[in-house]
> 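Quick one: structure below, then a few questions.
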Amino acid sequence: MRNLPPLARLRTFEAAARLQSFALAALELHLTPSAISHQIRDLERHFGRALFERRHRQVQTTLEGRRLFESLGRLFDALEATCAEVQLPTHDEVLAVHCAPSLALKWLGPRLPAFVARHPLINIRLTTGADPVDLGVVRDIDVALSYGAARHRPGLEVVSLGDERIAPLVSPGLLRARERPAQAILRLALIDSQLSPVGWPEWFELNGLALPQRPRPSFDRAAMAIAAAADGMGVALESTRLAAREIERGELVVLGERSLHKTLRPVHFMSVRSTDRARAPVAAFVEWVRAQSE
């Protein structure tokens, strides 16, 4: 049996902590302030520590109270989402997808409308996060699209979304007429994309050039590095897959398309539990992603 306090007590605490008032919590929950106070004291006895500092006509959460409030907020959000899914019509199927932020913003998101149009009964629930998720532990995610690495373990199918070109990307407005790419790369500011599988030192070595010793602006998301390059900050070394829309719109070009070394790397990976692979929504999404990445 789980050693948890009653859910009603936790709900009362969440309202009181959010509103910083027993009286306002009483109004929201249709209880008396006295009932709110009694339920909070029951919780404090359960945890063996104070959750609120009580002042004249005012309450404020303690450090432990704030920690509990923040955790309960996430739990209640997840519970609310789960309850909403249960209320969906029975013919709808929920597919929980977790995706690296930049891939979600720059590649998956723009393509999702086509998948939804093709599979209108699959209800996509998309979350993002920089760290790869372990589907062997996180059971409420069906498919994970990871950047840079994926967790391998028995019972998981992990496939690469293919090699991607990591190239120097620059706004055409920064380029000078008749200037060679090797000259331009030495003149322009270099933008560091912290998570990129290829960094500037390796790229310069591959091209037989000396890395300029000057400060470089740095971003911890590929999408931010690409946006900075499109805005004219300098040259970003990033995936042309992620920058495809900017390249198509003419906001970015590949510097040295013909003359500089072409660098290919597997950058993104898709993971799914073997036991879920045959589920209709999972199978449909996996095959669609594979087709999109070819």
> I'd like to know whether NE2 of His38 has more than 12 heavy-atom contacts from other residues, nucleotides or ligands below 6.0 angstrom.
no
> Quick one: do Trp107 and Arg241 satisfy side chain to side chain contact (heavy atoms under 4.5 Å, CB included)? Show the steps, please.
CA-CA 7 Å; Trp107 186 81; Arg241 169 180 282 169; 3.5 Å; yes
> Listed by chain and number, what are the salt bridge (charged side-chain N to carboxylate O under 4.0 Å, His left out) partners of Arg118, not counting sequence neighbours?
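Here no residue qualifies.
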> Going from CG on Leu237 to CZ on Phe204, what distance comes out if it is rounded to the nearest 0.5 angstrom?
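That separation rounds to 9.0 Å.
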> Do you know the tightest heavy-atom contact between Ser218 and Gln194?
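Shortest heavy-atom contact: OG-NE2, 2.7 Å.
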> If you group Ile, Leu, Val, Met, Phe, Trp and Tyr by side-chain heavy-atom gaps below 4.5 Å, do Leu43 and Leu63 land in one group?
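Different clusters.
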> So Phe76 and Leu7, do their side chains get closer than 4.5 Å, heavy atoms only?
yes
> Is there a path of hydrophobic side-chain contacts, each under 4.5 Å between heavy atoms, that joins Met224 and Ile226?
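No, Met224 does not connect to Ile226 through the hydrophobic network.
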> Assess whether side chain to side chain contact (heavy atoms under 4.5 Å, CB included) is satisfied between Met270 and Leu161, documenting all intermediate values.
CA-CA 7 Å; Met270 177 166 55; Leu161 297 189; 4.0 Å; yes
> Side-chain donor-acceptor contacts of residues 178-190 below 3.5 Å, not counting sequence neighbours, with atom names and distances?
unit_1, atom_1, unit_2, atom_2, d
Glu179, OE1, Arg187, NH2, 2.8
Glu179, OE2, Arg187, NE, 2.9
Gln183, OE1, Arg180, N, 3.2
Arg187, NH2, Leu174, O, 3.0

> For Pro201 and Leu211, work out which heavy atoms get closest and say how close.
CG-CD2, 4.0 Å
> Under 3.5 Å, side chain of Ser274 to main-chain N/O of Gly155, donor-acceptor pair present?
yes
> May I ask you to decide whether Asp142 forms a salt bridge with Arg279, counting only side-chain N to carboxylate O separations under 4.0 Å?
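Yes, this pair counts.
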> Given side chains that start at C-beta, do those of Pro5 and Asp42 come closer than 4.5 Å, heavy atoms only?
no
> With a 4.5 Å cut-off on side-chain heavy atoms, are Arg265 and Glu164 touching?
no
> For the pair Glu14 and Arg66, find out whether any cationic side-chain nitrogen is under 4.0 Å from an anionic carboxylate oxygen.
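No salt bridge links Glu14 with Arg66.
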> Within a reach of under 6.0 Å around CZ of Arg258, are more than 12 heavy atoms found that belong to other residues, nucleotides or ligands?
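Open.
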> For Arg54 versus Val59, what's the shortest heavy-atom pair and its separation?
CG-CG1, 4.2 Å
> Is it the case that atom CD in Glu205 sees more than 12 heavy atoms from other parts of the structure closer than 6.0 Å?
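Open.
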> Report yes or no: do Ile191 and Val254 belong to one cluster of Ile/Leu/Val/Met/Phe/Trp/Tyr joined by side chain heavy-atom distances under 4.5 Å?
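In one cluster: no.
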> Can you tell me if Ser102 uses its side chain to pair, donor with acceptor, with the backbone of Ala222 under 3.5 Å?
yes
> Rounded at 0.5 Å granularity, tell me how far NE2 in His119 sits from CD1 in Ile122.
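The NE2 atom of His119 sits 5.5 Å away from the CD1 atom of Ile122.
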> Give a yes or no on whether a salt bridge exists between Arg245 and Glu251, defined as a side-chain N under 4.0 angstrom from a carboxylate O.
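No, no charged N to carboxylate O under 4.0 Å.
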> Provide the closest heavy-atom pair for Pro168 versus Trp200 in the form atom of the first, atom of the second, distance.
CB-CH2, 4.0 Å
> Could you tell me whether the side chain of Gln58 reaches within less than 4.5 Å of the side chain of Glu53, counting heavy atoms only?
no
> Taking Leu24's backbone N and O only, do any of them form a donor-acceptor pair with Ser21's side chain (distance below 3.5 Å, no angle check)?
yes
> Shortest non-hydrogen contact from Ala23 to Pro33?
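Taking Ala23 first and Pro33 second, the nearest heavy atoms are CA-CG, 4.4 Å.
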> Would Phe269 and Tyr147 count as a close aromatic pair, with their ring centres under 6.0 Å?
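They do not qualify: ring centres at least 6.0 Å apart.
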> What is the distance from atom CD1 of Ile166 to atom NE2 of His261, rounded to the nearest 0.5 Å?
11.5 Å
> So Ile40 and Phe52, do their side chains get closer than 4.5 Å, heavy atoms only?
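They are in side-chain contact.
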> Give the C-alpha distance, both sets of side-chain angles, the deciding distance and a yes or no for side chain to side chain contact (heavy atoms under 4.5 Å, CB included) between Val235 and Leu169.
CA-CA 5 Å; Val235 188; Leu169 304 170; 5.7 Å; no
> Is it true that a side-chain atom of Thr128 and a backbone atom of Pro101 form a donor plus acceptor pair closer than 3.5 Å?
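Side chain of Thr128 to backbone of Pro101, a donor-acceptor pair under 3.5 Å: no, none is there.
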> What are the two closest heavy atoms between Pro110 and Ala104, and how far apart are they?
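Result for this residue pair: CD-O, 4.1 Å.
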> Between Met233 and Leu255, is there a shared hydrophobic cluster once you connect ILVMFWY residues whose side-chain heavy atoms come closer than 4.5 Å?
no
> Is there side-chain contact between Phe285 and Val97, with heavy atoms separated by less than 4.5 Å?
yes
> Drop me the distance from Thr61's OG1 to Leu68's CG, to the nearest 0.5 angstrom.
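Between Thr61 OG1 and Leu68 CG, I get 10.0 Å after rounding to 0.5 Å.
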> Does any non-hydrogen side-chain atom of Leu79 lie less than 4.5 Å from one of Arg74?
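A side-chain contact under 4.5 Å is absent here.
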> Enumerate, atom names and distances included, each donor-acceptor pair closer than 3.5 Å involving a side-chain atom of residues 287-294, sequence neighbours excluded.
unit_1, atom_1, unit_2, atom_2, d
Glu287, OE2, Arg277, NH2, 2.6
Gln292, OE1, Arg111, NE, 3.3
Ser293, OG, Val289, O, 3.1
Ser293, OG, Arg290, O, 3.0

> Output, in order, the C-alpha distance, side-chain angles, deciding distance and verdict of side chain to side chain contact (heavy atoms under 4.5 Å, CB included) for Val170 and Leu252.
CA-CA 5 Å; Val170 64; Leu252 290 174; 5.5 Å; no
> Between Arg11 and Glu28, is there a side-chain N and carboxylate O pair less than 4.0 Å apart?
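No, this pair does not count.
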> Is there a path of hydrophobic side-chain contacts, each under 4.5 Å between heavy atoms of I, L, V, M, F, W or Y residues, that connects Val143 with Leu105?
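No; tracing contacts between hydrophobic side chains, which count when under 4.5 Å, never links both residues.
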> Is a salt bridge present between Glu238 and Lys106, judged by a nitrogen-to-oxygen distance below 4.0 Å?
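No.
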> Quick one: pull up CZ in Arg49 and CD in Glu64 and give me the separation to the nearest 0.5 Å.
5.0 Å
> So Phe22 and Ser37, do their side chains get closer than 4.5 Å, heavy atoms only?
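Ser37 reaches Phe22 side chain to side chain.
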> Working to the nearest 0.5 Å, report the span between OG of Ser239 and NE2 of His268.
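Nearest 0.5 Å value for the OG-NE2 distance: 6.5 Å.
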